[in-house]
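Take a look at the structure below.
Note that the coordinates shown come from a computational prediction; the quantities given were computed from them, not determined experimentally. Just so it is clear: chains get the letters A, B, ... in the order the sequence lines come, proteins before strands, and each one is counted from 1. Side chains included, hydrogens not; waters and symmetry mates left out as well; all remaining heavy atoms used.
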Amino acid sequence: MLKQAIDNNRVKILNNCKESNGTILYWMQRDHRLHNNWAALYAQEKAKELDSEWHTACFISPTFLSATSRQYDFMFEGLQSLEKELQKYKIPFFVFVNNPADAIIDHVKRNKVAAVVTDFSPLKIVRDWKEKVAQHIDVPLYEVDAHNIVPCLVVSQKQEYAARTLRPKIHKLLPKFLVPYPEIEKQKTLSVVHDIDWQKLRKQCKVKQDKFECKKYIAGEEAALKQLDYFIAHALNGYSTQRNDPTFDGQSNLSPYLHFGHISAQRVALKIMDAKVPAKDKEVFLEELIVRKELSDNYCFYNNKYDQLEGVAQWAQDTLKLHAKDKREYLYSQEQLEKAKTHDLLWNAAQKELTSTGKMHGYMRMYWAKKILEWTEAPIKAFQIALYLNDTYSLDGNDPNGYVGVAWSIGGLHDRPWFKRPIFGTIRYMSFNGCKSKFDVDTYVQRKVGLFDRQMPLL
DNA sequence: ATCGGCTCGCGCAA
DNA sequence: TGCGCGAAGCCGAT
């Protein structure tokens with residue numbers, strides 16, 4: 001009997017097919033890493049069971065939602081470092097740029113594949129691909145949640161109302177799932193040797209060229225681990241009080257790495273728990289890393305209107321409708337906002353931080369999105385613009401976290417109603433004066449574009 | 001500097 | 001059926 005390394009609750013079979021003879025294909029979709037990856041470990045385990053071997057393949061869509069060159073360049077950088085790691089472990093690696101579903105179906109037909117293993121994503125487009133693949137291949141398609149510590153489908157079977165309803169469910173299951181990972185083993189021989197022409201593949205992608213100069217960060221697992229070490233050494237101590245001060249680089253800056261799966265949240269959590277800092281700081285960070293992040297997957301999985309304002313609670317939609325005709329003191333177009341041309345220097349600085357660094361400080365993200373609601377003619381329009389800007393310019397754009405962040409800011413998602421105001425109704429309001437009382441607005445505003453403190457390793 | 005009110009509804013206790 | 005309390009606040013009173 002083989003040792004069962006993976007909790008079977010992490011695995012879901014998406015069709016009714018039986019395994020045949022051949023290799024195991026790991027369709028790496030969301031989590032671009034070899035180590036600390038339950039989907040890769042499951043592929044390895046399946047291969048052992050069949051006394052066979054496993055391969056890894058990425059099927060890159062030529063376009064993806066609102067992603068542009070900045071996210072694709074970062075992703076390709078990560079995949080190139082992954083290629084080297086896979087070589088070390090003698091795991092064949094294939095990369096295709098095509099419609100993912102069609103490309104996988106084709107690949108499975110042409111090769112002797114015993115089963116396909118993939119990772120988990122709550123996004124509609126990815127679920128559609130998987131459904132098509134599941135129907136058109138004649139071998140099993142296994143889905144393994146490699147992204148969440150407590151698997152999204154296990155922790156809750158419904159859309160959760162707020163963090164407070166998900167939190168106890170996560171904490172109850174953490175001892176079962178927050179465990180160290182087994183090792184990936186080297187395969188005996190690299191059975192398929194082929195060169196990947198990265199430049200050619202990148203050219204096959206049809207994403208738009210970035211309109212703004214953006215810092216270039218080093219992608220991949222090694223860079224992510226460096227960033228994590230930097231955060232633990234310099235900013236974790238005091239995190240609970242300093243994280244909401246955007247003049248201070250007190251955030252982990254791990255979100256681009258977490259988004260592309262260059263680093264596993266589970267590994268981050270285990271490392272944070274070991275750090276020698278006050279318990280309160282760890283607690284606050286882990287709350288954000290685990291509860292709030294996994295709440296985003298919960299929302300997107302159980303609410304298929306996650307990318308529209310219509311997805312939020314009725315009370316929030318009602319209150320926004322009631323205030324639809326309220327006078328807007330300032331009205332800006334998407335283009336004015338994109339170019340950071342508003343009367344509010346604080347808002348402009350946040351927008352420039354986004355376009356020039358590919359990240360915006362977490363606290364500013366809330367203020368930024370709420371002001372878009374205040375300065376556009378309709379809440380639906382505000383939602384669309386905020387999502388467009390986030391998904392186009394944030395390195396972690398097109399992620400459940402982004403959808404939920406915008407829905408929280410503009411649609412009161414996972415939040416409670418607050419004091420009535422024009423335009424906002426009972427959606428929580430945030431003000432310039434509030435920022436002024438919390439941090440030094442001038443220091444934040446006066447930072448020149450490109451000089452925001454971002455300790456992520458530069459390319 | 002600190003406090004209370006604002007406002008809705010889930011989940012649990014009774 | 002009642003009650004406590006919640007993902008990040010604001011504002012005015014004290």
**OP:** Determine, stepwise, if the pair A/F439 / A/F248 fulfils ring pair (Phe, Tyr, Trp, His ring centres under 6.0 Å).
**Re:** CA-CA 10 Å; A/F439 61 90; A/F248 174 72; over 10 Å; no
Original post:
Counting any heavy atom closer than 4.0 Å, what does A/R365 reach on the DNA or RNA strands: base, sugar-phosphate only, or nothing?
Top reply: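 Counting heavy atoms under 4.0 Å across all strands, no contact is made by A/R365.
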Original post:
Base, sugar-phosphate alone, or nothing: which one does A/M366 contact when heavy atoms must sit under 4.0 Å apart?
Top reply: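 The answer is base, as A/M366 lies within the cut-off (heavy atoms under 4.0 Å) of a base atom.
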Original post:
Which one of A/Q71, A/E353, A/E338 satisfies the side-chain contact (heavy atoms from CB on, under 4.5 Å) criterion with A/Y393?
Top reply: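 That would be A/E338; it is the only one of A/Q71, A/E353, A/E338 passing the side-chain contact (heavy atoms from CB on, under 4.5 Å) with A/Y393.
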Original post:
So which nucleotide from C/dA8, B/dG11, C/dC11 ends up closest to the side chain of A/E160?
Top reply: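 My answer, after comparing the listed nucleotides, is B/dG11.
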What is the distance, to the nearest angstrom, from the [atom1] atom on [X] to the [atom2] atom on [N]?
X	N	atom1	atom2	value
A/L320	B/dC8	CG	P	13 Å
A/R167	B/dC10	CZ	P	18 Å
A/K438	C/dA8	NZ	P	11 Å

Subject >> Pairwise P distance, B/dA1 and C/dA8 [rounded to whole Å] >> reply: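 Per the computed distance, 23 Å lies between those P atoms.
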Subject >> A/F260 ring center near A/F74 ring center (under 6.0 Å) >> reply: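 So the answer is yes for these two rings.
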Subject >> Aromatic ring proximity A/W347/A/F432, centre distance under 6.0 Å >> reply: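 No, the ring of A/W347 stays outside the 6.0 Å limit from the ring of A/F432, centre to centre.
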Original post:
Does any residue of residues 399-428 of chain A have a heavy atom under 4.0 Å from DNA chain B, and if so, which ones, in number order?
Top reply: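 Contacts with DNA chain B under 4.0 Å: A/P417, A/F419, A/K420, A/T426.
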**OP:** Determine: side-chain N/O of A/K158 to OP1/OP2 of B/dG11, distance under 4.0 Å, yes or no.
**Re:**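 Checking A/K158 against B/dG11: at least one side-chain N or O falls below 4.0 Å of OP1 or OP2.
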